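Notes to accompany the following structure.
Order of the sequence lines fixes the chain letters, A, B, ..., with proteins taken first and strands second; residue numbering starts at 1 for each chain. Here the structure is a predicted model, which is why all the values come from computation and not from measurement.
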Protein chains: 4
Amino acid sequence: MIAPPPRPPVGSSSDAPKPLRADARRNRTRILDAAEAVFSEGGAAASTEEVANRAGVAIGTVFRHFPTKTDLLAAIMKELLRRLTDDVRTLDNDGDAATGLFTFFARMVAESAAKRTVVQLLADAGVGVDLGDSVRALQEAVGALLARAQRADVVRADVRLDEVMALLVSTCQGALHAGWDADLQRRTLAVVFAGLRPAPEGTASRR
Amino acid sequence: MIAPPPRPPVGSSSDAPKPLRADARRNRTRILDAAEAVFSEGGAAASTEEVANRAGVAIGTVFRHFPTKTDLLAAIMKELLRRLTDDVRTLDNDGDAATGLFTFFARMVAESAAKRTVVQLLADAGVGVDLGDSVRALQEAVGALLARAQRADVVRADVRLDEVMALLVSTCQGALHAGWDADLQRRTLAVVFAGLRPAPEGTASRR
Amino acid sequence: MIAPPPRPPVGSSSDAPKPLRADARRNRTRILDAAEAVFSEGGAAASTEEVANRAGVAIGTVFRHFPTKTDLLAAIMKELLRRLTDDVRTLDNDGDAATGLFTFFARMVAESAAKRTVVQLLADAGVGVDLGDSVRALQEAVGALLARAQRADVVRADVRLDEVMALLVSTCQGALHAGWDADLQRRTLAVVFAGLRPAPEGTASRR
Amino acid sequence: MIAPPPRPPVGSSSDAPKPLRADARRNRTRILDAAEAVFSEGGAAASTEEVANRAGVAIGTVFRHFPTKTDLLAAIMKELLRRLTDDVRTLDNDGDAATGLFTFFARMVAESAAKRTVVQLLADAGVGVDLGDSVRALQEAVGALLARAQRADVVRADVRLDEVMALLVSTCQGALHAGWDADLQRRTLAVVFAGLRPAPEGTASRR
DNA sequence: AATGAATGAGAATTCATTCAT
DNA sequence: AATGAATGAATTCTCATTCAT
């Protein structure tokens with residue numbers, strides 16, 4: 001007579017992290033790792049079967065942990081966003097208001113260049129994956145970094161979080177194209193960073 | 001008077017634009033138009049059948065003109081790149097060295113925001129599609145624009161074509177994400193443009 | 001720019017019987033025949049692949065003709081209902097008002113006993129398959145038969161089409177159970193028929 | 001006082017109701033209840049996992065009690081048949097020879113209409129489920145009821161148990177189709193009952 | 001005995017591509 | 001050249017059943 005617990009809606013924020021059996025937790029991790037690798041290489045179009053192979057589990061196991069492919073994609077991306085957010089917060093607490101934002105920006109772009117993950121996934125499968133909270137968390141963390149940078153007067157006061165995020169995402173997305181070597185990365189960021197810095201004394205910034 | 005079949009352009013693999021029957025040429029055009037629309041809406045994952053439907057031809061006809069789906073994708077993108085290249089050249093011949101590069105940049109980003117085409121395709125199917133010549137042509141055209149802008153002293157002398165293209169692609173890719181309204185577009189570009197402009201007199205640009 | 005003709009909704013009554021190519025029509029027939037056989041034997045749970053094998057076509061061909069398994073089931077059942085309806089109409093036009101209804105009833109039960117088709121399918125997959133028109137057609141045809149039988153005074157006047165159909169379906173469904181040999185069939189129908197006949201003179205039918 | 005394990009009924013294949021631990025017996029009951037509910041709602045295609053959920057046990061527990069899904073289905077149906085048989089016997093011992101058979105018939109059909117159980121299951125999974133003894137028991141009980149009804153002269157003498165069972169199963173099966181409301185049920189049964197009653201005096205029943 | 005994770009064989013469906021008409 | 005039917009591999013997802021904990 002007891003109704004079965006309804007499957008939690010995809011992407012819901014109540015990620016009830018109920019304690020898993022040891023083997024289950026081990027597999028979950030393996031699957032996430034495999035998925036990150038597989039989707040990084042092949043984009044969201046890569047097959048779930050390939051993920052299972054790479055993780056060394058049967059296909060059914062993947063689907064037991066992530067009932068749909070979308071759930072799996074969402075899980076990877078949330079994990080990634082969590083790591084990034086932590087990273088930003090650390091930079092924010094570390095000190096050096098002058099470089100925090102730029103450091104993070106550069107670091108994220110570098111990582112994108114190495115792994116297609118973030119961006120490729122955002123571009124491909126972005127639709128239909130609900131990441132709400134995770135994205136917001138990252139945004140707020142970056143917001144703090146930006147505020148500090150502005151207080152330290154290394155970023156123009158009229159720059160808003162909006163466009164910083166936009167530039168960040170854009171540059172990361174760009175970074176995964178063939179031909180972006182470390183040098184191009186540096187030079188591209190140099191332009192962006194120059195654009196963020198305050199125009200010196202008498203210079204009217206033409207917007 | 002019918003021109004003799006022109007020698008295939010260097011580096012292209014069998015573009016042989018051999019003379020087509022009138023109906024065939026008409027179909028080719030329709031297919032390209034339909035494909036651009038379909039792939040813009042649904043990404044490279046959209047089906048070739050859908051393209052055929054939209055073009056009002058049978059599926060076989062699509063494959064007669066473009067032996068593989070990849071060929072079709074390549075053709076669309078070449079066509080697009082050609083249009084862009086023409087656009088740049090026009091701007092270059094028009095005059096106003098001071099604004100050409102910025103105008104083109106802004107125009108392309110705006111178009112990206114409206115149609116997913118360029119970027120979506122680059123992101124999705126980029127792999128395996130050979131666009132060599134077309135991309136080079138666009139790059140050279142932009143290069144000319146950049147050179148003029150630098151001569152007019154509205155872009156820093158040490159900025160290279162490389163990073164301009166990188167910024168262009170990145171920003172376009174960013175532009176198709178939800179939430180990029182016209183205002184965000186303007187503010188994001190403002191940062192990039194500010195980054196491209198020469199640092200006024202005594203300011204040392206820290207790179 | 002021309003929108004593709006939308007796939008007609010499942011079970012819609014506009015079965016646009018557009019002229020098919022010869023091979024396509026041949027395959028369609030083969031598939032329907034195979035499907036009738038396969039689903040008769042294994043119930044609606046039988047696999048579409050099995051249908052394809054039996055029909056001697058590839059699985060894709062089955063799905064080209066019937067976009068979902070449900071469509072295929074609906075098609076079989078409509079076909080069957082059509083045959084039955086024709087059968088009833090013939091009996092209705094033939095003459096002998098006294099026996100028409102009983103003959104049809106018996107014939108249908110006999111057929112059910114031989115092939116599980118009708119009933120099995122109705123029972124299994126009935127849900128979700130829209131047969132509206134086809135069923136109504138059969139019902140009306142039987143209604144005519146019933147009316148004649150009542151005018152000929154071989155069926156009680158107070159019997160309604162409703163319960164005749166109910167008895168028909170029930171008996172057919174029963175007929176496919178193991179153990180229904182011809183004799184049991186005859187005896188079971190005898191009871192039903194006796195129940196339909198008018199109670200003689202002074203007998204009050206206790207309902 | 002606990003009864004000793006009864007000797008397994010003749011003809012059954014290893015029903016060995018060996019004494020179970022208290023919790024095991026409780027689980028067995030819960031599983032059976034859950035299974036009846038689940039399969040009634042979703043037909044035999046419903047998943048065993050769903051049964052486990054509804055019963056509040058793990059899937060492994062279900063399979064420990066019933067090694068295959070078929071075993072579980074068989075168990076439900078046996079249980080159901082047992083209840084029905086008890087019901088018939090009670091009616092048989094109760095008195096009122098004139099109405100016993102009709103009452104039971106009507107009651108069973110009504111129950112079918114409410115719960116798909118009996119019939120749906122018979123139709124869906126009937127194949128491969130061995131119910132031998134249980135069915136026989138029900139049949140004998142109904143046979144007794146029939147004999148009494150015939151002795152009381154409310155059922156024709158030439159009606160055999162065979163066809164009574166056939167009518168019963170058929171009508172139950174029919175009863176679960178959509179549209180069988182209480183009224184249709186009554187009218188349909190009225191025809192069947194009229195068919196079972198003796199033809200009054202001078203009327204020759206045409207069989 | 002119970003638990004619940006893992007397995008892996010299907011099942012339905014899609015789609016690029018081929019080929020007979 | 002065009003048509004559109006046929007092909008069949010690939011993909012996502014389900015579920016009965018097994019097995020380690």
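What separates CD of D/Glu50 from P of F/dT14 is a distance of 13 Å, to the nearest Å. Rounded to an integer number of Å, the gap from CZ of B/Phe66 to C1' of F/dA2 is 15 Å. When rounded to the nearest whole Å, the span between CD1 of A/Ile31 and C1' of E/dA5 equals 11 Å. Residue C/Arg28 contributes atom CZ, which lies 16 Å from atom C1' of F/dG4 at whole-angstrom precision. If you measure from atom CG of A/Leu72 to atom P of F/dT11, you get 15 Å, rounded to the nearest angstrom. Nucleotide F/dA2 holds its P atom 12 Å from the CZ atom of B/Arg25, rounded to whole Å. The separation between C/Leu73 atom CG and E/dA12 atom C1' is 12 Å, rounded to whole Å.
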> Which parts of nucleotides 16-21 of chain E does protein reach within less than 4.0 Å, heavy atoms only, written one letter per nucleotide 5' to 3' as B for base, S for sugar-phosphate only and - for none?
Replying inline: SBB---
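Checked against side-chain contact (heavy atoms from CB on, under 4.5 Å), C/Ala35 has the following partners two or more places apart in sequence or in another chain: C/Phe39, C/Val51, C/Leu72, C/Ile76. For D/Glu49, there are no side-chain hydrogen bond (donor to acceptor under 3.5 Å, both in side chains) partners, not counting sequence neighbours. In this view, C/Asp23 and C/Arg21 satisfy the side-chain hydrogen bond (donor to acceptor under 3.5 Å, both in side chains) rule, not counting sequence neighbours. Listed by chain and number, the residues in a side-chain hydrogen bond (donor to acceptor under 3.5 Å, both in side chains) with B/Thr68 are B/Asp71 (sequence neighbours excluded).
Remark: A/Arg64 is in phosphate contact with E/dA5, judged by side-chain N or O atoms under 4.0 Å from OP1 or OP2. Dashed line: the shortest gap from a side-chain N or O of D/Asn27 to OP1 or OP2 of E/dA2 is under 4.0 Å. Contact between the side-chain N/O atoms of B/His65 and the OP1/OP2 oxygens of F/dA1 is not found at any separation under 4.0 Å.
If B/Ala58 and C/Gly56 are placed on DNA chain F by their nearest nucleotide, the residue sitting closer to the 5' end is B/Ala58.
Residue C/Met77 holds its CE atom at 15.0 Å from CZ of C/Arg82, rounded to the nearest 0.5 Å. In this structure, CD1 in C/Ile59 is found 14.0 Å from CZ in C/Arg64, a value given to the nearest 0.5 Å. Taking CZ of A/Phe63 as the reference point, atom OG1 of A/Thr48 lies at 4.0 Å (rounded to 0.5 Å).
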>> With side chain to side chain contact (heavy atoms under 4.5 Å, CB included) as the criterion, how do A/Phe66 and A/Thr61 come out once you've worked through the C-alpha distance, each side chain's angles and the decisive distance to 0.1 Å?
In response: CA-CA 9 Å; A/Phe66 305 97; A/Thr61 303; over 6 Å; no
> What do the steps show when you test A/Glu41 against A/Arg54 for side chain to side chain contact (heavy atoms under 4.5 Å, CB included), and what is the final call?
Replying inline: CA-CA 12 Å; A/Glu41 288 165 23; A/Arg54 194 83 70 101; 3.1 Å; yes
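Looking at the side chain of A/Val57, the nearest of the listed nucleotides F/dA2, E/dT7, F/dG8 is E/dT7.
Every stem involving DNA chain F, taken as at least 3 paired positions in a row under the Watson-Crick or G-U wobble test at 3.5 Å, is listed here: E:2-21 with F:2-21.
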